[in-house]
Amino acid sequence: MDYRQKLKDHKRIVIKIGTSTVTYPNGRINLKRMEQLAWVLADLNNQGKDVVLVSSGAMGVGSADLGLTERPTEIRLKQAAASVGQASLIQIYKNFFNEYNQKVAQILLTKEDIKNEERRTTASTTFETLFRMQVVPIVNNNDAVATVNFEFSDNDTLSAVVANLIGADLLVLLTDIDALYDANPRKNPGAKRISVVEEVTDNILSMAGEKGSIFSVGGMETKLLAAKRCRESRTDMVIALGEDPRILNKIIEGEDIGTLFINKEFQK
Ligand code: GLU
């Protein structure tokens with residue numbers, strides 16, 4: 001049975017885009033990608049799907065805005081840079097989405113908003129209300145106020161948490177590596193792409209490679225942990241190359257690209 005064909009019917013979709021996909025290495029915004037992303041997501045929304053974008057990049061963009069030559073390491077500077085960058089990101093997203101007549105909203109979350117039942121319910125109601133009004137929420141970690149204890153460690157985790165909160169059918173992680181491989185493809189040319197994963201076992205986790213060194217921001221490990229979370233919350237997950245965001249259409253049409261992690265219910 002071809003699981004991929006089922007992706008066509010998925011109605012509620014979370015798309016996460018990593019820092020290295022949305023910005024250039026110097027921290028400035030990759031406008032071409034952002035524009036394509038806005039086009040694809042607005043079109044999915046027009047098809048009647050509920051779409052959420054989880055976008056990283058605030059700290060990188062803020063650092064560039066502030067003329068910092070290196071990413072800040074001190075927490076207070078990180079928070080300051082992220083809050084400057086978040087405003088830039090949203091402004092540009094809003095302009096691009098506006099070209100397609102697509103309304104957007106900004107939702108910044110901390111762990112506390114998910115742990116606390118009242119805040120969790122409020123967040124969930126806000127998402128539902130926005131979906132009903134065909135708005136695309138753009139989510140990030142609330143870097144300006146999140147303290148170390150409350151902060152989501154990375155946006156891979158945050159996007160899986162959001163997928164769970166809204167009962168998403170599919171989470172797509174757009175990143176700088178096109179799939180999960182059985183060995184590090186950048187070091188081992190014979191590495192094979194894994195098309196479908198039914199369960200993230202310890203063996204699969206061991207394929208994550210060195211954390212944070214060669215892979216995008218969170219690394220492959222955080223993506224696999226996100227897949228574990230999704231499996232439990234009945235969300236399918238795909239890891240794919242974000243170089244051309246129009247890849248989203250191919251994924252939803254069931255093309256065999258990237259790596260698909262099938263949720264628990266799907267396998268029945
Ligand atoms: N919230 C961070 C930012 O927007 C990104 C964290 C991550 O990509 O994992 O800069």
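Note that ligands are numbered from 1 as they come in the structure, with each ligand's atoms numbered from 1 the same way. Quick caveat: nothing in here was measured; it's all calculated off a predicted structure.
- Between M59 and ligand 1, an N or O atom pair is found at a separation short of 3.5 Å.
- Dense packing is recorded around CD of Q5, with more than 12 heavy atoms of other residues, nucleotides or ligands lying under 6.0 Å away.
- Considering backbone and side-chain N/O atoms, S55 never comes within less than 3.5 Å of an N/O atom of ligand 1.
- Polar contact check, D154 against ligand 1: no nitrogen or oxygen pair lies under 3.5 Å apart.
- Within 6.0 Å of atom NZ in K94, 12 or fewer heavy atoms from other residues, nucleotides or ligands are found, so the atom counts as exposed in its surroundings.
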Table please: side-chain donor-acceptor pairs of residues 240-252 below 3.5 Å, with sequence neighbours left out.
| unit_1 | atom_1 | unit_2 | atom_2 | d |
| --- | --- | --- | --- | --- |
| D244 | OD1 | R246 | N | 3.0 |
| D244 | OD1 | R246 | NE | 3.0 |
| D244 | OD2 | R246 | NE | 3.3 |
| D244 | OD2 | R246 | NH2 | 3.0 |

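- When the heavy atoms of T157, L108, D143, N141 are ranked by distance to atom 2 (C) of ligand 1, first place goes to D143.
- Residue G57 approaches ligand 1 through these ligand atoms, each under 4.0 Å from one of its heavy atoms: 3 (C), 4 (O), 10 (O).
- The shortest N or O to N or O distance between K16 and ligand 1 is not below 3.5 Å.
- Listed by number with element, the atoms of ligand 1 under 4.0 Å from a non-hydrogen atom of N140 are 1 (N), 3 (C), 4 (O).
- Side-chain contact check for L174 versus L37: some heavy-atom pair is nearer than 4.5 Å.
- Looking at ligand 1, you'll find an N or O of S56 within less than 3.5 Å of one of its N or O atoms.
- Screening R132, R12, Q134 for a side-chain hydrogen bond (donor to acceptor under 3.5 Å, both in side chains) with D50, the sole residue that qualifies is R12.
- Within the structure, the closest approach of A82 to ligand 1 does not fall below 4.0 Å when heavy atoms are considered.
- The neighbour count for E70 CD, taken as heavy atoms of other residues, nucleotides or ligands under 6.0 Å away, does not exceed 12.
- Of the listed residues (V200, T201, L205), just one forms a side-chain contact (heavy atoms from CB on, under 4.5 Å) with N203, and that residue is T201.
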